Amino acid sequence: MARASEDFMKLQSGYLFPEVARRIRAWQERNPGESVMKLSIGNTTEALPRFIAEEMKRKIDLLMDRNTYTGYGDEQGDTPLRDALAEHYQREYGVTLPSSAFFVSDGAKSDAANIQSIFSRRSIPAIQDPAYPVYVDSNVAGGHTGLYDAAADGYSGIVYMKADASNGFVAEPPKEHADIIYLCFPNNPTGAVATKEQLARFVDYAHREKAVIIFDSAYSDYIETKGIPHSIYEIEGARDCAIEIGSFSKNAGFTGVRLGWTIVPEELEAEDAPKGTLHRLWNRRQCTFFNGASNVAQAGGIAALSQTGRRECLDLVGYYKENARIIREGVGKIGLECYGGVDSPYIWTSCPDSMTSWDFFDFLLDKAHVAVTPGSGFGSAGEGFVRISAYGHREDVERAVASIRENLR
Ligand code: PLP
């Protein structure tokens, strides 16, 4: 008799965004004719940059001709894209990595979810609270945790690293032992960034505990504050204890096109995994379970890393960052505490009058017709906050901010 996975069965139902969507739908049914202004999701809204899109069209033309058609490519990604990624890290971050360290993928989410599979089930994950939900859920589904503990509002077997206003939303390394440490900077959902010194403490911890850091840099192009690292490899010693996951979603608008990468250096080592082992296992995993990213998307990735493409990406990022400024300043004026939104598209806002995150979500929906994301959906430490997203057309963002200001004075 087939049985469902006991690890998947541990997952709590109601992934955050479906619940947000359900409440919006229910509100719309109760308020026919009214529309909801959405500042709730991390989905890009603006058109693909022109040069990058044209390069993808050119790739389609090549695929339409049998003389230039290509089918499956290398599972690790096309060599010109891996080379372009290595050059990009060298040029922009001063980080020297061989192109063989880069594994191209269909986006950061699947890599962030799958990476736990190359570690022992006995590995203890350490995850910031609040966090992008994929890190917790993939560790639960991958069998790295115990059951959900409702009283503790978390899973046993996970070391939760609290990130709150007292530490500027950047956790300290845990006091106890952990094996796989998830970090995401600029952070989703808090918008916080980590300094070199803060990241260096995690690198020291990883060396001490023979742990591995999984560094999610999906929003690195949003960093404008001088001196903030864009890549974990800007920290000395990170190459032998860190994996980095990147994405073209939030800078090139590839949320629908789908393209990302994961860096697993040859030098990476762990408790019983000498240098080269984890690199080899990730290569094995990708070659077995993945058939390579779309060749059209990869042509777009190469274009996005060219000089013209980089200009276009930074313009697109600038558009969303201007939205973030409008939200931060507008919402700040009505006296709500706002964090993030400078080096990030997310504004982490405290709820007024001791409301819970879901209460404030419902209140904003009812009063201002604006949807945000309840902070508690990212972990128990997110309670009392909502995440406001800068992804939206400018006119919609301006309308939403004006409505919040008018209705919450
Ligand atoms: N990592 C973080 C922190 C994110 O917030 C997101 C998307 O919202 C992703 C990864 C997913 O990126 P991708 O579209 O490349 O799968």
Side-chain angles (χ1 to χ4, degrees), residues 15-18 20-21 38-46 48 52 77 81 85 102-116 125 127-139 161 163 169-171 181-194 213-223 230-232 243-263 286 290 292-294 297-298 300-301 304-305 313 316-317 320 324 340-341 343-348 372-373 375 377-379 382 387-392:
Y15 179 73
L16 175 61
F17 294 101
V20 167
K38 288 188 191 153
L39 298 180
S40 48
I41 43 174
N43 204 352
T44 47
T45 55
E46 302 311 297
L48 285 174
I52 298 171
L81 177 55
L85 281 164
F102 291 80
F103 292 85
V104 175
S105 71
D106 62 355
K109 186 177 187 176
S110 34
D111 283 359
N114 292 326
I115 198 77
Q116 48 74 32
I127 300 172
Q128 278 216 142
D129 180 10
Y132 179 50
V134 176
Y135 315 140
V136 168
D137 285 0
S138 61
N139 272 283
M161 303 183 287
F169 301 97
V170 181
I181 303 149
Y182 288 79
L183 295 177
C184 169
F185 294 109
N187 187 263
N188 176 12
T190 66
V193 286
I213 296 169
I214 313 291
F215 188 79
D216 186 336
S217 68
Y219 298 93
S220 65
D221 266 350
Y222 287 74
I223 296 173
H230 289 66
S231 163
I232 189 73
I243 288 172
E244 181 160 302
I245 299 175
S247 173
F248 288 96
S249 283
K250 309 301 167 94
N251 60 354
F254 277 21
T255 42
V257 172
R258 308 304 304 141
L259 194 68
W261 67 92
T262 285
I263 303 168
Q286 291 300 81
F290 182 61
S294 144
Q298 293 193 69
L305 293 168
C313 287
L316 185 60
V317 165
Y320 294 123
D343 298 301
S344 152
Y346 299 123
I347 296 94
W348 189 240
V372 294
T373 309
F378 297 97
R387 187 195 74 176
I388 309 182
S389 165
Y391 292 111

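We number each residue from 1, following the sequence as shown. Counting convention: from 1, in listed order, for ligands and their atoms alike. Predicted model only: the values in this text are computed from it and were never measured.
Residues forming a side-chain contact (heavy atoms from CB on, under 4.5 Å) with Ser217 (at least two apart in sequence, or on another chain): Tyr89, Phe215, Ser220, Glu244.
Side-chain polar atoms of Ser110 and Asp106 form a donor-acceptor pair below 3.5 angstrom. Between the side chains of Tyr320 and Tyr222, no donor-acceptor pair of N or O atoms lies under 3.5 Å. Judged by distance alone, the side chains of Thr255 and Thr44 do bring a donor and an acceptor atom under 3.5 Å apart.
In this structure, Tyr132 has its ring center no closer than 6.0 Å to that of Tyr182.
Ligand 1 lies under 4.0 Å from heavy atoms of Gly107, Ala108, Lys109, Tyr132, Tyr135, Cys184, Asn188, Asp216, Ala218, Tyr219, Ser247, Ser249, Lys250, Arg258.
Looking at Tyr219 and Asn187, their side chains never come closer than 4.5 Å, going by heavy atoms from C-beta outward.
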